[in-house]
Enquirer: 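Have a look at this one.
Here is the naming used below: chain letters follow the sequence lines, and residue numbers restart at 1 for every chain.
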Number of protein chains: 2
Amino acid sequence: MSKPAPSVRELIREHYSALTQSERKFANSLLENYPAAGLASITIVAANADVSTPTVARMVQKLGFKGYPQFHQALLKELEAQVSGPTKRRENWAAEAPEGHLLNRFAQAVTDNLGQTFSNLDYEQFDLAVQQLANTEGRLFVVGGRITRALADYAFTHFQAIRQRVTHMTSSSATWPHYVLDMEAGDTLLMFDVRRYETNLQRLAELAAERGVKIILITDQWASPITSVAQHTFNCWVEIPSAWDSNISTMMLLEAMIAATQEEGWDETRERYERLDELFDMTRLFRKFS
Amino acid sequence: MSKPAPSVRELIREHYSALTQSERKFANSLLENYPAAGLASITIVAANADVSTPTVARMVQKLGFKGYPQFHQALLKELEAQVSGPTKRRENWAAEAPEGHLLNRFAQAVTDNLGQTFSNLDYEQFDLAVQQLANTEGRLFVVGGRITRALADYAFTHFQAIRQRVTHMTSSSATWPHYVLDMEAGDTLLMFDVRRYETNLQRLAELAAERGVKIILITDQWASPITSVAQHTFNCWVEIPSAWDSNISTMMLLEAMIAATQEEGWDETRERYERLDELFDMTRLFRKFS
DNA sequence: CACTCCATGAAAACATTTTTCCAAACTTGG
DNA sequence: CCAAGTTTGGAAAAATGTTTTCATGGAGTG
């Protein structure tokens, strides 16, 4: 062979945009359980993905196979090569990137960080913090530092969809005193502070704490000094082989909190989501006619 | 099941003495290339082992299967279980949270997404995209949608530290035409577009593409329509049990790109980092601490 | 040497899978 | 709101796979 014969995975990726909805349904089902989900008969495989047999048949032809048997055979060859190949049992992840490629090193570091973060997470504190975030009696303020501003922004966008009375404190610290002036006991302040810790944020935290605001702090494994005035502190592991720190575990914790908060007050939230959707649809309509 | 269902390997070992010569021939062929050599049709499998189909049929019955299809299915189940093995490593995580706690469900979904994203990543395209991002001959524009704005912001913050001539196009699409006016062939546009895909972004992409700008698109598994005009497209798996989509895998891909870009031009970057550090120290806005 | 036993595969009978065709359901653009 | 174009799955037709039957021939035995 002159060409190294692309894997079925690659073929799917390559043709994904040309696939129809049902075909993608099958493609996803296959990728989720690869390659086992493609090694049974077309009937079974189709039933597992909850699509019809013709759909699968059409799709494998789009991928360039003459028919399902050829597709089946290609998967089998891959499996064979994988098992008997020089690399005995490669990790499922990043299987295609060469050994030592940055992607592999990066993936390793990230998985470690996520694992560390999770196993150091106190789920009771998590639940308490979520209750606090879901409590709409007080207002919710969100703020981040130089790097974590983006996370604060992300948090704001989502919390705004979930609940009312959310404020994103811009990272320009000059305006913070105005916000503090508004804060009352019972309000919540969600803060992000990773190294290098910012004195501004600490001052802000102290002022807010004095006013009886409950502070939820998301920081790194070395813990920002804000810990001392925060109600709930969560540490995220952030080290990667790089000059800067990774915020993936931070992001994960944040998303988990958003998901939990949403679940906490689902009835209220659902209504907000539906209204929001309608509004977006309306703006789309405007655009259509312009 | 009360019985742990013995593997086909075990069954062969157990019944080996009862097998005839030709049957052993097939058994050995299977064990040599396990389980792939047993996952094709009985005809092919028999031909590969250089025995007749009835031999194989008789043998699988001796092993206790009703027929070849049942044998095939058993092998498939084993394969499936084997593959989902490594994912189970997550069980070490969040061991303290109760079964079914949101944290556990969330962790599962996130790990799946990261795994999917990684294994569908084309590392050659990744390397090419990184080269493009590290190329300071042209300018680098960054833009995101309603939700991904935060990611674009994060990207901007980091790329600004790494290289010169980086622009964050604010999410207010009214100002985009001004940016497009400035774009030239050789410039790079890093776009984030996850569902629901935004028509504004698509228009922007089309305009930029017309001007010869290279577009790097980070999207979800269903692929934004921008794909068609983008130089490099990367798909991130984003589904979580929730009303919204997770952007952790998106963030991971982004960070990986940042890390790789930084490595690409490290000499230049290091100097920038040092100068940046000095500047922060001078403003005393940030307290130095490791 | 003749007889029996039984492993073996060719081929027929049977079962299932795969493909093709078509009509219904859905989308999209005017 | 309609019409043209897609997408989708049901069902029949074609192809393939699986099982059974049975004839052959080799190994062991009296």
Enquirer: Can you measure R58(A) atom CZ to dT7(D) atom P for me and round it to whole angstrom units?
Expert: 9 Å
Enquirer: Ignoring backbone atoms, test whether T55(A) places a side-chain nitrogen or oxygen under 4.0 Å from the OP1 or OP2 oxygen of dT8(D).
Expert: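 Looking at the OP1 and OP2 atoms of dT8(D), neither is under 4.0 Å from any side-chain N or O of T55(A).
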Enquirer: Give the rounded distance in Å between these two atoms: CZ of F26(A) and C1' of dT18(C).
Expert: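 About 14 Å, once rounded to whole Å.
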Enquirer: Using atom types as modelled and distance alone, determine if a side-chain donor or acceptor of E78(A) lies under 3.5 Å from a backbone N or O of L75(A).
Expert: no
Enquirer: Expressed in angstrom and rounded to an integer, what is the separation of Q21(B) atom CD from dA7(C) atom C1'?
Expert: 9 Å
Enquirer: Grab the CD1-C1' distance between I42(B) and dG9(C) for me, whole Å please.
Expert: 13 Å
Enquirer: Is Q61(B) close enough to dT20(D) that one of its side-chain N or O atoms is under 4.0 Å from OP1 or OP2 there?
Expert: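 It does, given that an N or O in the side chain of Q61(B) lies less than 4.0 Å from OP1 or OP2 of dT20(D).
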Enquirer: I need the CG-C1' distance between L19(B) and dC6(C), as an integer number of Å.
Expert: 15 Å
Enquirer: Using 30° and 60° as the class limits, which term best fits the ring planes of H158(A) and W244(B): parallel, tilted or perpendicular?
Expert: tilted
Enquirer: To the nearest angstrom, how far is H72(B) atom NE2 from dG17(D) atom P?
Expert: 11 Å
Enquirer: Can you tell me if the side-chain N/O atoms of T53(B) get under 4.0 Å from OP1 or OP2 in dT19(D)?
Expert: no
Enquirer: In a check of side chain to side chain contact (heavy atoms under 4.5 Å, CB included) between F192(B) and each of I226(B), N247(B), L151(B), T219(B), which one passes?
Expert: L151(B)
Enquirer: Does T20(B) put a side-chain nitrogen or oxygen below 4.0 Å from OP1 or OP2 of dA7(C)?
Expert: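 It does not, given that no N or O in the side chain of T20(B) lies less than 4.0 Å from OP1 or OP2 of dA7(C).
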Enquirer: Please report the closest heavy-atom contact between A74(A) and F65(A), naming both atoms and the distance.
Expert: CB-CE2, 3.5 Å
Enquirer: Where the side chain of P54(B) is concerned, which of dG9(C), dG9(D), dT18(C) is the nearest nucleotide?
Expert: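 Within the option list, the nearest is dG9(C).
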Enquirer: Side-chain N or O of S52(A) versus OP1/OP2 of dT8(D): is the shortest distance under 4.0 Å?
Expert: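 False: S52(A) side-chain N/O out of range (4.0 Å or more) of dT8(D) OP1/OP2.
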